[in-house]
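For reference, the structure is listed below as structure tokens.
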Amino acid sequence: MFEAISEKFSDIMRAMAGKSKITEKNVEDAVEEIKVALLDADVNLRVVRRFINATLEEAKGEKVLKAVNPGQQFVKIVYDRMVSLLSDPDNQKLALRGPDVTSVLLMMGLQGSGKTTTAAKLGVFLTKQGRRPLLAACDLVRPAAIQQLKVLGEQAGVPVYTEEGANDPAKVASDALAYARKYQYDVLIVDTSGRMYLDDELMNELGRIQKAVSPDETLFVADSMTGQNAVTIAKEFEDRIGISGVILTKFDSDTRGGAALSLRSVVGKPIKFIGTGEKKDDISPFYPDRIASRILGMGDIVSLVEKAQETVSQEDALRLQKKLQKNTFDLEDYLEQLESMNKMGSVDQILDMIPGMKGAVDPNQIDLGVFEKEKAIIRSMNKRERHDIRIIGPDRRKRIARGSGTTVNDVNKLLKRFEKMRNAMHKFAKNKKYQMAMLEQLQKMQNQAGR
């Protein structure tokens, strides 16, 4: 995400952070580059002007020019300004009431913005938070919209309220709320109809639904890849209906970032969630500090750790640690780790979260085929071979190569690499001092990401 602007910002921040002494001219040149990068990213012109003026005013003061590390001080100012541009401290989280009361989330947006899919994803997210969500199918205009929500709800494990043959979406929403209260669902997510463009009919329909259910959150769903068009439409929805927050879809594909960087300032409402992929759980809260850190090329260690925790349970991590300490880590365990890596996301997404890696490593140069080849080789082994590589002699290696569509040389490479890796991991698991040093380094990386 934000590849273009992040690459430019990373270069600017890297150049400034390395300076032991800077002048007003250095600051002016850097700020001019930042302005060009923001404009190229399709950020609203008024937002760019405010951002640049505030940054320039603060960065040209004695606090920066006479600082011990002026370059790093400049980076911190830009980071703080970026966080301020993106955040709304009072309204960043969903306004949900207690579990004994049904909270209502009303989803709005134009046709094709991803409302229905996002409603289902939001249901998955809330379920993980310990909530009992119910989806309400109130899009009675688009053909097959109800069926789509039913299918998505079934895939997500979230129940869907529907009324076949209904023609009044406000009544369906009201009935769904009564149903949710009766059966103790603590969140009702109302999916509404959209149009190809904003019109009075849509506004009137949404107004009636809003009046019928009195939502706790009125969420505008926008396609982040439409840039300033998403900002303009969001402003119209805010002026005519009123919104409490925004959900940006296709955020992982947004290379420019104009919508995300403009919305808070132009519309006056926070981005609350972002869609990060096509899977049912590819939705996450919008964290302004983490996004600012990524844009500036400082990584996002916190999100990386959270992704790892989602992929590997604490129980599995403890089991793996014991295996490493006893040196019983085998190819079966290695295969599990390779498959866990896939669940964490694409290589470029992971590199994006590691401090200093943005732009430093080209994900296209990483040969993912090696990992796929290794998985194929391990899957061609029987259980005994996976647990004890010492029994894999020449005949077994030939059989494994044939079964995996690889060569004996490929099998030999895997076994040698695995043996070296296992020994190194065993030493690490036994060496407490080294572990502490690694943890200290991780803490430093987190601190850098948070500056």
Side-chain angles (χ1 to χ4, degrees), residues 1-13 27-59 77-92 108-110 112-114 197-198 218-275 286-297:
M1 63 185 77
F2 297 168
E3 282 84 357
I5 188 172
S6 181
E7 188 174 329
K8 291 175 183 176
F9 264 94
S10 295
D11 291 341
I12 299 167
M13 296 302 105
V27 171
E28 289 170 358
D29 290 344
V31 171
E32 181 63 26
E33 288 185 62
I34 289 172
K35 182 174 78 172
V36 173
L38 291 171
L39 291 173
D40 286 347
D42 194 30
V43 180
N44 180 275
L45 182 58
R46 281 186 298 125
V47 174
V48 174
R49 282 175 179 161
R50 283 194 216 122
F51 183 89
I52 291 304
N53 290 338
T55 302
L56 197 58
E57 182 182 350
E58 191 172 353
I77 288 171
V78 176
Y79 170 78
D80 290 341
R81 287 290 165 192
M82 187 70 71
V83 173
S84 178
L85 178 70
L86 293 166
S87 66
D88 185 341
D90 298 327
N91 299 304
Q92 204 69 53
M108 305 188 305
L110 295 185
S113 62
Y197 54 89
L198 194 150
T218 306
L219 301 169
F220 174 72
V221 181
D223 181 345
S224 63
M225 294 182 69
T226 59
Q228 286 308 299
N229 187 49
V231 179
T232 303
I233 298 297
K235 186 71 169 65
E236 289 192 51
F237 267 83
E238 163 61 9
D239 292 343
R240 298 184 64 173
I241 293 290
I243 62 177
S244 60
V246 179
I247 298 178
L248 281 179
T249 61
K250 302 177 188 174
F251 197 76
D252 55 313
S253 302
D254 184 11
T255 59
R256 294 194 297 175
L261 291 169
S262 304
L263 267 164
R264 173 70 187 89
S265 296
V266 176
V267 184
K269 301 297 177 182
I271 301 169
K272 298 214 172 189
F273 284 87
I274 50 175
F286 183 80
Y287 297 107
D289 54 341
R290 302 187 192 183
I291 296 299
S293 186
R294 288 200 204 186
I295 290 173
L296 301 186

| field | Atom pair CG (Asn44) and CZ (Arg50), whose distance is rounded to the nearest 0.5 Å | value | 7.5 Å
| said: Does this structure show an ion pair linking Glu238 with Lys235, if we count only N-O contacts that are shorter than 4.0 Å? | reply: no
| Spatial distance of atom CG (Leu56) from atom CD (Glu32) [nearest 0.5 Å] | 10.0 Å
| task | Could you check Ile34, Val31, Leu296, Val78 and say which one makes a side chain to side chain contact (heavy atoms under 4.5 Å, CB included) with Ile12? | result | Ile34
| message | Between Met82 and Ile291, is there a side-chain heavy-atom distance shorter than 4.5 Å? | response | no
| Lys8 NZ to Asp40 CG distance, which is reported to the nearest 0.5 Å | 3.5 Å
| query | With Arg46, which residues qualify under side-chain hydrogen bond (donor to acceptor under 3.5 Å, both in side chains), at least two apart? | reply | none
| message | Could you measure the distance from the NZ atom of Lys35 to the CG atom of Leu45? Nearest 0.5 Å is fine. | response | 9.0 Å
| message | Testing Asn53, Thr55, Val48 one by one against Phe51 for a side chain to side chain contact (heavy atoms under 4.5 Å, CB included), which residue passes? | response | Thr55
| message | Within the 4.5 Å heavy-atom criterion, are Tyr79 and Asp289 side-chain neighbours or not? | response | yes
| field | side-chain contact (heavy atoms from CB on, under 4.5 Å) partners of Ser87, counting only residues at least two apart | value | Val83, Pro89, Gln92, Pro288
| Between atom CZ of Phe9 and atom CD1 of Ile295, what is the distance when rounded to the nearest 0.5 Å? | 7.5 Å
Less than 3.5 Å apart, which donor and acceptor atoms pair up between the side chains of residues 219-230 and the rest of the protein, not counting sequence neighbours?
| unit_1 | atom_1 | unit_2 | atom_2 | d |
| --- | --- | --- | --- | --- |
| Asp223 | OD1 | Met225 | N | 2.9 |
| Asp223 | OD2 | Lys250 | NZ | 3.1 |
| Ser224 | OG | Thr249 | O | 2.8 |
| Ser224 | OG | Lys250 | O | 3.2 |
| Thr226 | OG1 | Asp223 | O | 2.7 |
| Gln228 | NE2 | Asp42 | O | 2.6 |
| Gln228 | NE2 | Gly258 | O | 3.4 |
| Gln228 | NE2 | Ser262 | OG | 3.1 |

| Exam field: side chain Ser10 to backbone Ser6, donor-acceptor pair closer than 3.5 Å | yes
| said: Rounded to the nearest 0.5 Å, what separates atom CG in Leu39 from atom CD1 in Ile5? | reply: 9.5 Å
